[in-house]
Amino acid sequence: KKLIDGMTVEEKIGQLAQFNANVFSGSDADITGPLVKNGLTGDDLYRIGSLLNFKDSKEMNELQKRHLEGDRNKIPMVFMMDVIHGYRTIFPIPLALGGSFDTELVEECTRMSAVEASSAGVQVTFTPMVDYVRDARWGRVMETCGEEPILNGIMGAAQIKAFHGEDMSKAGCLATCVKHFAAYGGAEAGRDYNQVELSEHILREFYLPAYKACIDAGVDMLMPSFNVLNGVPAVANSWLMKKVLREEWGFEGVVISDYDAVGELITHGIAADKKEAAKYAFKNGCDIEMCSNGYIKHLKEMIEEGIFTEEQLDAVVLKILELKKRLGLFEDPYKGASPETEEKTCLTAENRALVRKAASECAVLLKNDGVLPFSKEHKKIALIGPFADNHNIIGFWSCCGKNEESVTVKQGIQSKLPDVEIKVVKGCSDKWNEIDKSEFDEAVKAAREADIVILCLGEPQNYSGEGNCRTDLDLPGVQNELAEKVIGANSNTAVLLFTGRPLAISKLDSIAPAILNMWFPGTEGGNAAADLLFGDANPSGKITMTFPKSVGQCPIYYNHTNTGRPISKQRDEMHNPYASNYIDCGNLPLYSFGHGLSYSNFVYKGLELSSDKITKDAPVTAKITVKNDSNIAGKETVMLYMRDVYASNSRPVQQMIAFEKVEIAAGETKVVEFEIDESMLRFWNNEHKFVSEPGLFKISTGYADHLIYTTDLILE
Ligand code: GLC
């Protein structure tokens, strides 16, 4: 407070501004480029409170040192970056990580990334991203944990805990920022930045809970989303930013806009100019403006005009300085970041081993007619497809990870089986508009002459992520034709799939004997693939976002309502007149939420409840018995689902309410227990409250379209 009392208005406003590191790259002598583009002067340079996307610890040290020499108040800048699924040693994309259903693994990987990032000077990460999704055409589905709000919230909270570590003021510990508030994943038609129109109960039950879970987990900052939500862009949306976030949820952390989202209020047609944009953003609680200059150019005059008061500005500055204080920056503006620290902290063998384990835990065995796992005795392997020997498998948002530092599938298999002869044929491109088939014959020949074939297919890693959306969800280009020819030449074929989103791979599914989905597995992807293909690891991942049969089914998701004219599973593939279905495709997805096979054979033996009645004060215990009826130890994620059969709203046909991943030895039987309490049975009703309603509930285990046991539970 003393510091603030001594600051000029310009200096205070500087704390609310964040720019890209390249604004600082020139010296203040040569005010050129980005600085001028943002209308900034040399004086502004020493007032700016934070920056993002700097290169490394060397640049961070230089910029911080120069800033502190030039800033009259000696207030350290705070350095922010998107550490989404690894800093330099990259682990699987979040859509894969959520499918591990292993919060300890998520914490372990995130902690590792925090230590690496901190050694390079990152002090705040724009993570976790917990946007709820139902449409795989949207490119940023790769960045979230999928279509189950509970899972998104649990994984978001795990990441926050791991980034914070023991004490945020220490090296290796970062502040966090939950994003993108709200419902960015609901972009119409799956097209990034498109408008979002959602009813309040859909928002409250599906799209908002994970952000709330992160706030309850102590997230430090929150980032509003680019999109218009029900008519008003998030950063200027007072229902969202004031009523829900600040008044209802009591969030007191720092709100930072997304990149130029304040400036985009003009493009959205909300503000006539930068000043008006800044007014709406500041009025709705946006504390830091990222990469647009509305605050730095107009906030002072709006205070002079009485639109805002200096006390309001002081309150925001205080929040930002308190964040810097919690990070220990006033005592140590560098937090140990240095090229030496970075060098010995990043990409260590230990970190590689961790992300190799993570990649094998996140992979999903979608189909296996028995060809997997392959024996290690084979002498000749044909490795075919655009991902056969491809380093581009670390995924979008891989921060400072480098594709060339990844292990390709070929490298992974060769290092596991050094004496095996591997014939690599790319066969075709992974691009949607490249249809050259001239390598098909060579691929077929290689397949015919090999003992086993590993067919490595997928979509390029830059077909997902920000701004990368698709209207077709099948394998791009001519990969299906390549698969048909190769599998026709040798049925001892397994497909390795690389993707940042669910794919509508009905064609491939109809011909491939096995499909192992690696997602984008990260730096050790090739080794993890080899571990799984040859049985040194046993697949245990599940999909957390529905794979459609056809893109025409999107949005498609497991927790849907019944409609008044549902069709039965048995009648799924035929057209049912006057029913909720399609003429040319069934309603069922290709693979449902929760789907994922193992080399073990898990048999569900039973589900029993401690009582068939539950009240607000008397929870019920559910016991699920699972047997590993095989000679291979494995891990199974046991899930509990509920359905509220009759209520004042039409309720989803099922909702996952709990899960636990358990290891079950060969031949062993395990009992997994869950407590069901009344709060799990609530929904957002038409009186705008979360309530449970007395009546019949169905409790089940299994997963999505494959519920195994169902039993009644009465809420009294
Ligand atoms: C991007 C993303 C956001 C990210 C920010 C800073 O546009 O929408 O997720 O944190 O800009 O890189």
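As the structure is a computational prediction, the values presented were derived from the model and not from experiment. We count ligands from 1, going down the list as the structure has it; atoms in each ligand are counted the same way.
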Practice prompt. Check the angle between the aromatic planes of Phe226 and Tyr184 and answer parallel, tilted or perpendicular using the 30° and 60° thresholds.
Written response: perpendicular

Item to complete: Within a distance under 4.0 Å of any heavy atom of Phe126, pick out the atoms of ligand 1 and give their elements.
Response: 10 (O)

Worksheet item: Do any nitrogen or oxygen atoms of Asp258 lie less than 3.5 angstrom from nitrogen or oxygen atoms of ligand 1?
Response: yes

Practice prompt. Using atom types as modelled and distance alone, determine if a side-chain donor or acceptor of Asn284 lies under 3.5 Å from a backbone N or O of Tyr280.
Written response: yes

Worksheet item: Going by the atom numbers of ligand 1, which of them fall below 4.0 Å from some non-hydrogen atom of Lys179?
Response: 3 (C), 4 (C), 9 (O), 10 (O)

Worksheet item: Are Glu524 and Arg352 within salt-bridge range, i.e. N to O under 4.0 Å?
Response: yes

Practice prompt. May I ask you to check whether Glu466 has an N/O atom sitting below 3.5 Å from an N/O atom of ligand 1?
Written response: yes

Practice prompt. Compute the shortest N/O to N/O distance between Tyr184 and ligand 1 and return yes if it is under 3.5 Å, no if not.
Written response: no

Worksheet item: Which part of Met80 is near ligand 1, with near meaning a heavy atom under 4.0 Å away: side chain, backbone, both or neither?
Response: neither

Worksheet item: Strictly by modelled atom types, are Asp167 and Ser169 linked by a side-chain donor-acceptor pair under 3.5 Å?
Response: yes

Worksheet item: Do Asn462 and Asn468 pass the side-chain hydrogen bond (donor to acceptor under 3.5 Å, both in side chains) test, and can you show the C-alpha distance, the side-chain angles, and the key distance before you say yes or no?
Response: CA-CA 7 Å; Asn462 63 2; Asn468 300 324; over 6 Å; no

Discussion item. Any nitrogen or oxygen of Tyr259 lying under 3.5 Å from a nitrogen or oxygen in ligand 1? Just yes or no.
Written reply: no

Practice prompt. Compare Ile256, Asp82, Asp260, Thr125 and give the one whose heavy atom is closest to atom 10 (O) of ligand 1.
Written response: Asp82

Worksheet item: Against heavy atoms of Phe226, which atoms of ligand 1 measure under 4.0 Å?
Response: 7 (O), 8 (O)

Worksheet item: Does Glu10 come within less than 4.0 Å of Lys300, counting only side-chain N to carboxylate O?
Response: yes

Worksheet item: Salt-bridged, Glu466 to Lys179, with N to O below 4.0 Å?
Response: no

Discussion item. For Met129, which part has a heavy atom under 4.0 Å from ligand 1: side chain, backbone, both, or neither?
Written reply: neither

Discussion item. Please determine whether any non-hydrogen atom of His180 lies less than 4.0 Å from an atom of ligand 1.
Written reply: yes

Discussion item. I'd like to know if Arg88 and Glu342 make a salt bridge, using a cut-off of under 4.0 Å between side-chain N and carboxylate O.
Written reply: no

Practice prompt. Give the atoms of ligand 1, by number and element, whose distance to some non-hydrogen atom of Leu52 is under 4.0 Å.
Written response: 6 (C), 12 (O)

Worksheet item: Salt-bridged, Asp332 to Lys335, with N to O below 4.0 Å?
Response: no

Discussion item. So, 4.0 Å and heavy atoms of Gln18: is ligand 1 close enough to count as a contact?
Written reply: no

